[in-house]
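Below, chains carry the letters A, B, ... as their sequence lines are ordered, and counting in each starts from 1.
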Amino acid sequence: MRLSAVKGTFDILPDDQPRWRHLLDTTARVLGRAGVDEITTPIFEHREVFEKSVGESADLVVQKEMYTFQDRGGRWLTLRPEFTAGVLRAFIEHGMHTWPSPVKLWSAGPAFRAENVQRGRFRQFHQVNCELLGGDSALLDAEAIALLVDTLSAAGLPGVHVKVGSVGDPEDRERYNGYLREALAPFERELSDTSRERLRLNPMRILDSKDAGDQALVAELLRPLDMLGNAARGHFDEVLAALERWGITYEVESAIVRGLDYYRRTAFEVHHAGIGAQSALGGGGRYDGLIAKLGGPDVPGVGWAFGIERVLDALSGEGVGPVERRRPLAYLVALDAEAVGELAALARRLRAEHRVEHSYTPRNPGKGLRDADRSGARLAVLRGSRERAAGVVMLKDLRTGDQQSLDLSELPDALRRSAGASQDDSARLAATRDH
RNA sequence: GUGGAUGUAGCUCAGUCGGUUAGAGCACCGGAUUGUGGUUCCGGGGGUCGAGGGUUCAAAUCCCUUCAUCCACCCCA
């Protein structure tokens with residue numbers, strides 16, 4: 001059987017890399033300016049890290065989608081299905097609650113879920129994650145949303161659709177779930193199977209049901225937003241006020257529901273049309289109490305993640321085209337065996353400044369220039385017996401066809417001059433792709 | 001877990017009322033051009049027709065099974 005990538009995984013080939021690089025560079029720049037520092041945590045953790053964070057009502061659904069395995073020492077480990085739990089584990093382990101507050105951290109990398117594959121859903125996928133830890137100010141909720149919007153905007157998606165809601169404080173949720181149970185109890189037999197299950201475990205999620213019958217039953221009921229306590233209501237209003245003040249357009253979602261029950265108060269999502277059925281680019285919310293639940297100090301936090309593949313998908317749809325791959329400045333063509341060694345040594349020196357490639361076997365000029373042309377190099381440098389006798393190289397501009405014989409000592413300067421010119425090219429290229 | 005569509009060369013795809021040796025474009029290699037690339041022209045290599053089984057004188061083509069990919073449902077941290 002021919003080997004292939006595992007279902008739900010894929011290779012990011014050299015031609016794809018510039019787009020990824022661009023998105024990650026943009027992320028680092030935007031978040032860095034906001035005082036968010038990068039943190040890298042392991043891609044697997046003790047299973048408890050994720051099991052504790054996930055919560056009881058969700059674990060039935062969610063745990064079976066986690067890649068959990070036993071290593072040779074008998075440890076139970078889980079490939080991270082998301083970033084938050086691992087980052088919080090690091091926060092606790094390194095005593096970050098003593099750092100100047102708030103502690104702002106971002107990460108990027110792969111995550112793993114054993115899901116069925118479709119557009120925008122993979123088993124190994126990649127996320128950018130951001131956490132703002134140690135403050136309960138509504139300003140931090142708003143900042144989190146702003147950072148998500150600003151990052152996507154800077155990457156080339158200025159018009160994402162922001163949905164903001166609040167799931168309230170724990171007591172609000174309890175009250176609301178009680179209300180739902182009471183209101184829906186008479187209709188229990190009319191609910192869909194999953195919703196009947198949810199009625200016991202987490203009634204709020206019934207609001208999420210796509211079943212038409214379920215939707216009809218809940219249509220007339222109050223939404224979570226309608227039953228927020230004073231504290232959560234005030235907090236939510238402050239978040240919205242900040243967003244308005246900053247000119248961030250949003251839509252209030254009266255029944256925003258998230259699959260995990262660690263969310264408190266603010267929850268939000270960003271959506272984009274045209275990336276298939278999975279329209280969510282990312283989302284997040286506030287999770288006060290989660291750090292304590294994981295065994296740390298009772299420090300509040302708010303965070304989000306977006307899916308890199310989905311954002312790139314959206315960017316393609318926006319006509320933000322593939323970014324051109326890096327090309328060498330010069331390709332050194334060895335015309336005889338001795339030149340191969342000479343040029344390899346020369347290339348090594350030139351590489352201190354430029355991207356330079358060279359032939360590894362003797363080539364005739366025709367083949368050598370074709371090699372140079374295919375590499376995408378702007379310049380070809382030829383060296384053979386004639387050049388050696390004169391102590392020179394032949395420098396050829398592959399676009400104009402101009403060529404000149406050049407003393408070896410003059411080559412570095414000549415390359416520097418051309419490098420200046422081709423940087424202008426790449427600047428133009430960058431300008432067109434950043435529209 | 002469920003449903004639909006699709007699997008033919010490295011890539012994109014033609015080819016199925018069953019019938020010679022399975023084709024094209026692009027890509028790759030060589031030559032025209034043994035010290036000058038791109039364009040052009042000529043030639044060449046490359047295929048378990050996803051896999052297994054069945055029907056048939058004969059299967060890429062028909063039947064069954066299976067796997068994979070894509071899309072969607074379910075679910076979604």
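Atom CZ in A/F10 sits roughly 19 Å away from atom P in B/A68 (whole-Å rounding). Atom C1' of nucleotide B/G37 and atom CG of A/L395 are separated by 15 Å, given to the nearest angstrom. The distance between atom CZ of A/R386 and atom C1' of B/U34, rounded to the nearest whole Å, is 11 Å. As rounded to whole Å, 11 Å separates atom P of B/C75 from atom CD of A/E65. Computed from coordinates, the A/D402 CG to B/U36 P distance equals 17 Å when rounded to whole Å. Between the CD atom of A/Q278 and the P atom of B/C74 there is a distance of 10 Å, rounded to whole Å. Protein atom CG of A/L13 is 12 Å distant from nucleotide atom P of B/C11, rounded to whole Å.
Comparing A/G8 and A/G384 along RNA chain B, the residue whose closest nucleotide (by nearest heavy atom) sits nearer the 5' end is A/G384.
Ionic pairing of A/D402 and A/K396 is not present here: no N-O contact between side-chain nitrogen and carboxylate oxygen is shorter than 4.0 angstrom. Using a cutoff of 4.0 Å between basic side-chain nitrogens and carboxylate oxygens, A/D371 and A/R363 are scored as salt-bridged. Classification of A/D141 and A/R286 as a salt-bridged pair holds, one side-chain N sitting under 4.0 Å from a carboxylate O.
Within residues 337-347 of chain A, no residue places a heavy atom under 4.0 Å from RNA chain B. For RNA chain B, the neighbouring residues in residues 79-90 of chain A, judged by any heavy atom under 4.0 Å, are A/P81, A/E82.
At the phosphate of B/C73, OP1 or OP2 sits under 4.0 Å from a side-chain N or O atom of A/Q118. The phosphate of B/G38 (OP1 or OP2) has no side-chain N or O of A/K367 nearer than 4.0 angstrom.
Rounded to whole Å, the C1' atom of B/A14 lies 25 Å from the corresponding atom of B/C29. Using P as the reference atom, B/G7 and B/C13 are 9 Å apart when rounded to the nearest Å. Rounded to the nearest Å, the gap between the P atom of B/G44 and that of B/C26 is 16 Å. Comparing the P positions of B/C75 and B/U6 gives an interatomic distance of 28 Å, to the nearest angstrom. B/G47 and B/A51 have their C1' atoms separated by 15 Å, given to the nearest Å. Atom name P, nucleotides B/G53 and B/A60: the rounded distance is 14 Å, in whole Å. Rounded to the nearest Å, the gap between the P atom of B/G18 and that of B/C63 is 11 Å. For B/G4 and B/A9, the P atoms lie 26 Å apart once the distance is rounded to whole Å.
As judged by a 4.0 angstrom heavy-atom cut-off over every strand, A/G276 is placed among residues touching the sugar-phosphate backbone only. Looking at heavy-atom distances under 4.0 Å, A/A372 makes no contact with the nucleic acid at all. Across all strands shown, A/E269 has no heavy atoms under 4.0 Å from either base or sugar-phosphate atoms. Among the protein residues, A/R121 comes within range of the nucleic acid bases, having at least one heavy atom under 4.0 Å from a base atom. Base engagement by A/K396 is indicated by at least one non-hydrogen atom pair under 4.0 Å involving a base atom.
Residue A/R113 places no side-chain atom within donor-acceptor reach of the base of B/C75, judged by atom type and a 3.5 Å distance cut-off alone. Residue A/E387 places a side-chain atom within donor-acceptor reach of the base of B/G35, judged by atom type and a 3.5 Å distance cut-off alone. A donor-acceptor contact under 3.5 Å links the side chain of A/D373 to the base of B/G37. Evaluation of atom-type donor-acceptor distances gives a pair under 3.5 Å for the side chain of A/N116 against the base of B/G1.
Comparing atom distances between the A/R374 side chain and each of B/C75, B/U36, B/C28 picks out B/C28 as nearest. When distances are taken from the side chain of A/R370 to each of B/U36, B/G30, B/C73, the shortest belongs to B/G30. Nearest nucleotide to the A/L335 side chain, out of B/G35, B/C75, B/C73: B/G35. Listed candidates were B/G35, B/G37, B/A72. Nearest to the side chain of A/R119 is B/A72. Distance from the side chain of A/S385 is smallest to B/G35 among B/C28, B/C74, B/G35.
Side-chain N or O atoms of A/S418 include none that pairs as donor or acceptor with a backbone N or O of A/L415 at under 3.5 Å. At distances below 3.5 Å, not a single donor-acceptor pair connects side-chain atoms of A/R310 with backbone N or O atoms of A/I275. Side-chain N or O atoms of A/Q215 include one that pairs as donor or acceptor with a backbone N or O of A/L207 at under 3.5 Å.
A/R80 forms a cation-pi arrangement with A/F83, by the criterion of a distance under 6.0 Å to the ring centre and an angle within 45° of the ring axis.
Residue pairs satisfying the ring-ring contact (aromatic ring centres under 6.0 Å, His included) criterion with at least one member in residues 296-315 of chain A, sequence neighbours excluded, are listed as follows: A/W304-A/F306. The ring-ring contact (aromatic ring centres under 6.0 Å, His included) contacts involving residues 123-143 of chain A comprise A/W20-A/H126, where partners must be two or more places apart or lie in separate chains.
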Under the rule of Watson-Crick or G-U wobble with both distances under 3.5 Å, where | means paired to another strand and [ ] a crossing pair, RNA chain B maps to (((((((..((((.....[...)))).(((((.......))))).....(((((..]....))))))))))))....
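Side-chain atoms of A/H272 and A/D313 form no donor-acceptor pair, as typed in the model, at a separation below 3.5 Å.
The only option from A/R383, A/R386, A/R388 that meets the salt bridge (charged side-chain N to carboxylate O under 4.0 Å, His left out) definition with A/D336 turns out to be A/R388. Test A/Y67, A/F10, A/F112 against A/Q124 for side-chain contact (heavy atoms from CB on, under 4.5 Å) and you get one pass: A/F112.
Heavy atoms from other residues, nucleotides or ligands lying under 6.0 Å from NE2 of A/H94 number more than 12. A/F44 CZ: 12 or fewer foreign heavy atoms inside a 6.0 Å radius.
For A/V117, the side-chain contact (heavy atoms from CB on, under 4.5 Å) criterion is met by A/K7, A/R123, not counting sequence neighbours.
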